[in-house]
Amino acid sequence: MVKKTEILRINSSNFNESIRKAAEILKNGRTVAFPTETVYGLGANALEPDSVYKIFRAKGRPPDNPLIVHIASKEQVMELSENIPDDAFVLMDAFWPGPLTLILKRKKIVPDVTTGGLDTVAIRMPGNRIALELIKEAGIPIAAPSANISGKPSPTTADHVISDLYDKIDAVVDGGPVDIGIESTVVDMTSEKPLILRPGGVGIEDLKIYMPELEIGYSKEKMVGKKVKSPGMKYIHYSPSAKVVLVEGFNGISDTINQIISDYRKKGLKVGLLATNDTADYITEKGLDTFLLGNRDDIKKIASNVFRGLRTLDDSDLDIIIVDGSIEYDGVGSAVINRLQKAANEIIILEKGENIET
Ligand code: TXA
Ligand code: MG
């Protein structure tokens with residue numbers, strides 16, 4: 001058990017010294033949370049089983065859920081994996097450093113605990129200066145899942161990390177709020193055709209420019225016509241303590257949300273709203289705890305606000321959070337909808353609208 005978490009707040013005068021300190025902690029087999037361009041990660045030496053166990057313990061993460069190994073140079077890919085297909089190099093050249101994780105065949109040097117016992121390894125080069133300098137300075141590949149308690153929304157600030165993991169990890173590097181706010185896109189390069197396992201910071205359209213044969217390997221919501229479902233998933237994900245009801249679609253979204261809010265309030269429940277500005281303009285219920293995601297046409301802003309919004313609303317002790325899912329699938333939009341679907345206890349689909357991918 002860690003006694004005290006060291007908080008290293010980066011500023012222009014202490015950058016090198018903070019990176020050196022954090023790298024030293026990692027080299028000593030301990031855990032450091034640090035910013036990437038997507039979300040904060042909880043890092044440890046990816047090649048040392050005892051260090052990697054500390055990540056699982058701190059997060060309460062199921063041991064069969066593998067970690068992403070973070071690197072700072074393309075040469076490190078060759079140390080960790082073999083039989084790398086040419087297409088993988090094309091994607092590395094196009095998107096690294098950046099929010100793209102590639103699943104490759106692992107070399108034996110990568111321990112089972114890091115890969116969840118799989119013979120593949122997830123690798124990514126993050127596009128964040130602090131992350132890259134830290135990995136370089138440590139001189140080792142760094143395993144890092146998102147730095148939240150397993151099942152909670154991913155952290156986009158050091159404060160989110162501290163609120164989940166204080167006294168459970170050795171240090172946090174505070175580099176301010178992250179840029180993208182949603183995790184990396186995960187692409188499996190070991191299957192017959194490259195497969196997207198998780199939508200994320202790199203849009204599917206952008207990947208397809210380089211790899212038209214790319215297929216989608218994650219489940220998407222396809223029900224239409226006001227059906228309600230409780231997703232039965234292997235793991236709970238991105239979930240606040242309050243019940244989350246996601247309303248997807250565009251036609252009549254504000255009316256539907258007004259109705260749902262009023263129904264829950266009649267039962268005496270405390271309701272909050274996570275909504276685009278466009279929908280919120282037509283919400284007539286008064287006195288709601290509301291978190292505004294941004295305008296529908298600014299999907300990057302919405303992405304950067306999703307996890308923060310879920311966490312902020314959850315701090316208000318609500319019974320129910322209603323989520324406005326009037327979001328297009330473009331670019332990072334499919335990742336936003338994917339995370340909201342996973343966070344939801346209940347999903348209501350309004351119509352077969354433009355945002356329902358087939
Ligand atoms: O943006 C990100 O990817 C962030 C930052 C910190 O880099 N990390 C992150 O890690 O989101 P995590 O552990 O929260 O999500 C890793 C995802 C999981 O869905 C895991 O199952 C999948 O990657 N994954 C890891 N290794 C895999 C493998 N060998 N095969 C298939 N999926 C794998
Ligand atoms: Mg995670």
Side-chain angles (χ1 to χ4, degrees), residues 31-44 46 52 55-56 58-72 80-81 95-107 110-128 130-132 134-135 141-156 158 160-161 164-165 172-173 175 178-191 194-202 217-219 233-239 303-304 306-307 310 332 335 338-339 342-343:
T31 50
V32 176
F34 59 94
T36 78
E37 80 282 36
T38 57
V39 300
Y40 272 72
L42 175 58
V52 177
I55 294 177
F56 283 88
K59 280 181 59 93
R61 184 177 175 105
D64 61 346
N65 193 2
L67 306 180
I68 296 173
V69 179
H70 295 67
I71 56 172
L80 301 166
S81 64
F95 296 103
W96 280 3
L100 176 69
T101 295
L102 299 176
I103 309 290
L104 299 166
K105 184 158 175 18
R106 78 156 156 177
K107 278 189 176 167
V110 186
D112 276 349
V113 56
T114 302
T115 68
L118 299 173
D119 63 356
T120 54
V121 56
I123 306 180
R124 128 171 157 87
M125 190 192 296
N128 171 288
I130 294 171
L132 285 172
L134 178 59
I135 300 163
I142 302 294
S146 49
N148 50 281
I149 292 282
S150 206
K152 291 284 158 205
S154 299
T156 59
H160 295 162
V161 179
D164 274 19
L165 297 174
V172 183
V173 180
V178 300
D179 180 23
I180 297 175
I182 291 249
E183 302 92 332
S184 60
T185 305
V186 178
V187 179
D188 185 354
M189 300 303 298
T190 67
S191 51
L195 204 58
I196 301 189
L197 299 182
R198 178 177 74 180
V202 174
Y218 59 93
S219 64
M233 292 166 303
K234 188 170 178 200
Y235 302 120
I236 299 169
H237 257 302
Y238 316 113
S239 302
S304 73
V306 161
F307 288 135
L310 287 171
V332 75
N338 170 268
R339 303 309 189 270
K342 284 180 184 268

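Along the sequence shown, residues are numbered consecutively beginning with 1. Atoms within a ligand are numbered from 1 in the order they appear, just like the ligands themselves.
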To the nearest 0.1 Å, how far is atom 13 (O) of ligand 1 from its closest protein heavy atom, and which atom is that?
Arg61 NH2, 2.8 Å
What atoms in ligand 1 come closer than 4.0 Å to a heavy atom of Ala122?
25 (C), 26 (N), 27 (C)
Quick one: are Leu67 and Phe56 in side-chain contact, heavy atoms under 4.5 Å?
yes
Do Pro199 and Tyr218 touch side chain to side chain, with heavy atoms closer than 4.5 Å?
yes
If you measure from the Lys or Arg side-chain nitrogens to the Asp or Glu carboxylate oxygens, is any gap between Arg124 and Glu183 under 4.0 Å?
no
With a 4.5 Å heavy-atom cut-off, do Pro126 and His70 have their side chains touching?
yes
Identify, by atom number and element, the atoms of ligand 1 in contact range of Leu118, meaning under 4.0 Å from any of its heavy atoms.
28 (C), 29 (N), 30 (N)
How far is atom 14 (O) of ligand 1 from its nearest protein heavy atom, and which residue and atom name does that atom have?
Ser146 OG, 3.1 Å
Under a 4.0 angstrom heavy-atom cut-off, which atoms of ligand 1 come close to Asn65?
18 (C), 20 (C), 21 (O)
Looking at atom 17 (C) of ligand 1, what's its closest protein heavy atom, distance included?
Arg198 NH1, 3.7 Å
Do Pro35 and Val173 have side chains that get closer than 4.5 Å, going by heavy atoms?
yes
So does Thr38 get a backbone contact from the side chain of Thr36, meaning a donor-acceptor N/O pair under 3.5 Å?
yes
Does a side-chain heavy-atom distance below 4.5 Å link Leu197 with Ile103?
yes
Kindly indicate whether the side chain of Ile68, heavy atoms from C-beta on, has any atom under 4.5 Å from the side chain of Pro145.
no
In ligand 1, the atoms that come under 4.0 Å of a heavy atom of Ile68 are 3 (O), 8 (N), 9 (C), 10 (O), 16 (C)
Relative to the heavy atoms of Ala144, which atoms of ligand 1 are at a distance of less than 4.0 Å?
6 (C), 8 (N), 10 (O)
Any side-chain heavy atom of Asp112 sitting closer than 4.5 Å to one from Arg106?
yes
Among protein heavy atoms, which lies nearest atom 27 (C) of ligand 1, and at what distance?
Pro66 CG, 3.3 Å
Counting from 1 in the order shown, the ligand 1 atoms closer than 4.0 Å to a non-hydrogen atom of Leu197 are 31 (C), 32 (N)
Do me a favour and list the nearest non-hydrogen protein atom to atom 6 (C) of ligand 1 with residue, atom name and distance?
Gly41 CA, 3.5 Å
Which of the ligand 1 atoms, numbered from 1, are nearer than 4.0 Å to a heavy atom of Arg124
1 (O), 2 (C), 3 (O), 5 (C), 7 (O)
Return a yes/no value for Ser184: is any of its N or O atoms, backbone included, closer than 3.5 angstrom to an N or O of ligand 1?
yes
When you measure from the heavy atoms of His70 to every atom of ligand 1, does any distance fall below 4.0 Å?
yes
Which residue and atom name correspond to the protein heavy atom nearest atom 29 (N) of ligand 1, and how close is it?
Thr120 OG1, 3.0 Å
For Pro141 and Leu80, work out which heavy atoms get closest and say how close.
CG-CD2, 3.9 Å
Only heavy atoms of Thr38, strictly under 4.0 Å: list the atoms of ligand 1 that pass.
1 (O), 2 (C), 4 (C), 5 (C)
For Arg106 and ligand 1, answer yes if some heavy atom of the residue is under 4.0 Å from a ligand atom, otherwise no.
no
Quick check: does Ser154 have an N/O/S atom under 2.8 Å of the Mg ion (ligand 2)?
no
Using side-chain contact (heavy atoms from CB on, under 4.5 Å) as the criterion, point out the one residue from Val186, Thr185, Ile182, Val187 that pairs with Arg198.
Val186
Measuring from non-hydrogen atoms of Leu67 to any atom of ligand 1, is the shortest distance under 4.0 Å?
yes
With heavy atoms only and a cut-off of under 4.0 Å, state how Glu37 meets ligand 1: side chain, backbone, both or neither.
neither
Would a 4.5 Å heavy-atom cut-off, applied to side chains only, mark Pro194 and Met189 as touching?
yes
Protein contact to atom 28 (C) of ligand 1 [nearest heavy atom, distance to 0.1 Å]
Ile103 CD1, 3.5 Å
Any chance the side chains of Thr101 and Ser184 put a donor and an acceptor closer than 3.5 Å?
yes
